[in-house]
Number of protein chains: 2
Amino acid sequence: MRVIHHPDIHEIALANLLYALGDPVRLAIAQRLACEGDLPCCELDVSVPKSTLSHHLRIMREAGLLYCRKEGTQHINSLRRAELESRFPGLLENILQAAQVEDAATPSA
Amino acid sequence: MRVIHHPDIHEIALANLLYALGDPVRLAIAQRLACEGDLPCCELDVSVPKSTLSHHLRIMREAGLLYCRKEGTQHINSLRRAELESRFPGLLENILQAAQVEDAATPSA
DNA sequence: TTGATTGTTCGACTTTTTCGAACTAACGAA
DNA sequence: TTCGTTAGTTCGAAAAAGTCGAACAATCAA
């Protein structure tokens, strides 16, 4: 497996960040990581095949939204919550809250 | 010209909203409308041809981000700022502020 | 009617997304 | 070591979305 690139906090572009969150699958992943803490890919239980999941996670990584570290055979993903807070104060937390507002309004599961 | 559809405030999905803002051209349009107030398409001065602009504005409209009304020969665009504030408190304002943070950090023009 | 301005729609081309199949990496057990 | 299992990535082809010039439609003013 190749070296995984993570952008420096100052290289993170707002439009990329919003793009990374502007997909139902990726937004759900962000919510889950926010609630549950760090998780390996296999515990994200999304509704897409693993090749597609891999693609979504790459977009999120390259946008600067999450950090990925290797632990044995798994890849642990974590939101870059504190870093993002320092670069765009309130932004991620506000989006996560909006996601909960939406979930509360649409009680699906 | 066909009737323009605007989604009801409760139909607005967060992921669509973030997607609509997750493009540099569209984010710039949102910023400009936030600063200058309502504007016709021709005064948005974006760097894309008008057919592409028309496409971007449709995505923003259908996401529920902006409202478009006809006035004579022009189409006046306005952010659905108050409505969005009631549905997702703080969200749009926070994103607009983050956009300014980014602009301040990267003084291009 | 003619001309100017504003914006949408069409069609072709390019880019991005999706997903199964094949592959690589790390680990445990025999 | 070798085999088997689990975890993820990469490849390649098909589908979907974005881009942009050209043609079109709507409004207004000579």
Side-chain angles (χ1 to χ4, degrees), chain A residues 1-7 13 15-30 32-33 36-79, chain B residues 1-7 13 15-30 32-33 36-79:
Chain A
M1 296 177 189
R2 199 177 300 164
V3 173
I4 299 174
H5 173 67
H6 293 90
N16 286 346
L17 214 51
L18 297 176
Y19 180 80
L21 289 166
D23 174 279
V25 170
R26 296 195 292 260
L27 185 57
I29 291 172
R32 200 153 148 68
L33 291 176
E36 313 270 329
D38 303 4
L39 289 175
C41 308
C42 61
E43 285 181 31
L44 257 18
D45 49 67
V46 293
S47 55
V48 295
K50 58 184 183 172
S51 59
T52 304
L53 172 59
S54 193
H55 165 75
H56 282 309
L57 289 173
R58 183 152 66 106
I59 287 183
M60 295 174 82
R61 260 192 337 260
E62 293 180 350
L65 187 60
L66 54 80
Y67 185 82
C68 175
R69 67 178 189 276
K70 246 179 105 169
E71 266 184 25
T73 170
Q74 9 188 64
H75 287 193
I76 311 292
N77 301 285
S78 57
L79 285 178
Chain B
M1 296 179 191
R2 198 177 302 164
V3 172
I4 299 173
H5 173 67
H6 293 90
N16 285 346
L17 215 48
L18 297 176
Y19 180 79
L21 289 166
D23 173 281
V25 171
R26 296 195 292 261
L27 185 56
I29 290 172
R32 201 155 147 67
L33 291 176
E36 314 268 329
D38 303 3
L39 288 175
C41 308
C42 62
E43 286 180 32
L44 255 19
D45 48 67
V46 293
S47 55
V48 295
K50 58 183 184 172
S51 58
T52 304
L53 172 59
S54 192
H55 166 74
H56 282 309
L57 289 172
R58 184 152 65 106
I59 287 181
M60 295 175 82
R61 262 195 331 262
E62 293 180 349
L65 188 59
L66 53 79
Y67 185 83
C68 177
R69 66 178 188 275
K70 246 179 104 168
E71 267 183 25
T73 170
Q74 353 189 79
H75 286 195
I76 310 294
N77 301 285
S78 57
L79 286 179

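A note on names: the letters A, B, ... follow the listed sequences, proteins ahead of strands, and every chain is numbered from 1. Since the model is a prediction, treat every value here as computed from it, not as a measurement.
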May I have the distance from A:R58 (atom CZ) to D:dT10 (atom C1'), rounded to whole angstrom? 9 Å

Between C1' of D:dA25 and CD of B:Q74, the distance in whole Å: 16 Å

Show every salt bridge (charged side-chain N to carboxylate O under 4.0 Å, His left out) that has at least one partner inside residues 40-51 of chain A, sequence neighbours left out. A:R32-A:D45

Any chance you could measure B:L79, atom CG, to B:L33, atom CG, to the nearest 0.5 Å? 5.0 Å

Look up atom CG in A:L21 and atom CD1 in A:I59, then write down how far apart they are to the nearest 0.5 Å. 11.5 Å

Qualifying residues under side chain to side chain donor-acceptor pair (under 3.5 Å), relative to A:R58, sequence neighbours excluded: none

What protein N or O atoms touch nucleotides 26-30 of chain C N or O atoms at under 3.5 angstrom, if any, and at what distances?
from	atom 1	to	atom 2	distance (Å)
C:dA26	OP1	A:K70	NZ	3.3

Shortest non-hydrogen pair, B:A20 vs B:A63, comes out as CB-CB, 3.7 Å

May I ask you to list the residues of residues 59-68 of chain B, by number, that have any heavy atom positioned under 4.0 Å from an atom of DNA chain C? B:R61

d(NE2, B:H75; P, C:dT5) in whole Å: 18 Å

A:L39 has an atom CG; how far is it from atom C1' of D:dA7, in whole Å? 14 Å

Distance col, row A:D38:CG vs A:H75:NE2, nearest 0.5 angstrom, shows 14.5 Å

From CD of B:E43 across to C1' of C:dG7 the rounded distance in Å is 14 Å

Please write out each protein N/O paired with an N/O of nucleotides 19-23 of chain D under 3.5 Å, distance rounded to 0.1 Å.
from	atom 1	to	atom 2	distance (Å)
D:dT19	OP2	B:H56	NE2	3.3
D:dC20	OP2	B:T52	OG1	3.3
D:dG21	N7	B:S51	OG	3.2
D:dG21	O6	B:S51	OG	3.2

Just how far, in rounded Å, is P of C:dT16 from OH of B:Y19? 11 Å

Can you pull the salt bridge (charged side-chain N to carboxylate O under 4.0 Å, His left out) pairs that have at least one residue in residues 19-28 of chain B, sequence neighbours excluded? none

Inter-residue atom distance A:Q74.CD - A:R69.CZ, 0.5 Å rounding: 10.0 Å

Determine yes or no for a side-chain-to-main-chain donor-acceptor pair under 3.5 angstrom, with B:H5 supplying the side chain and B:E62 the backbone. no

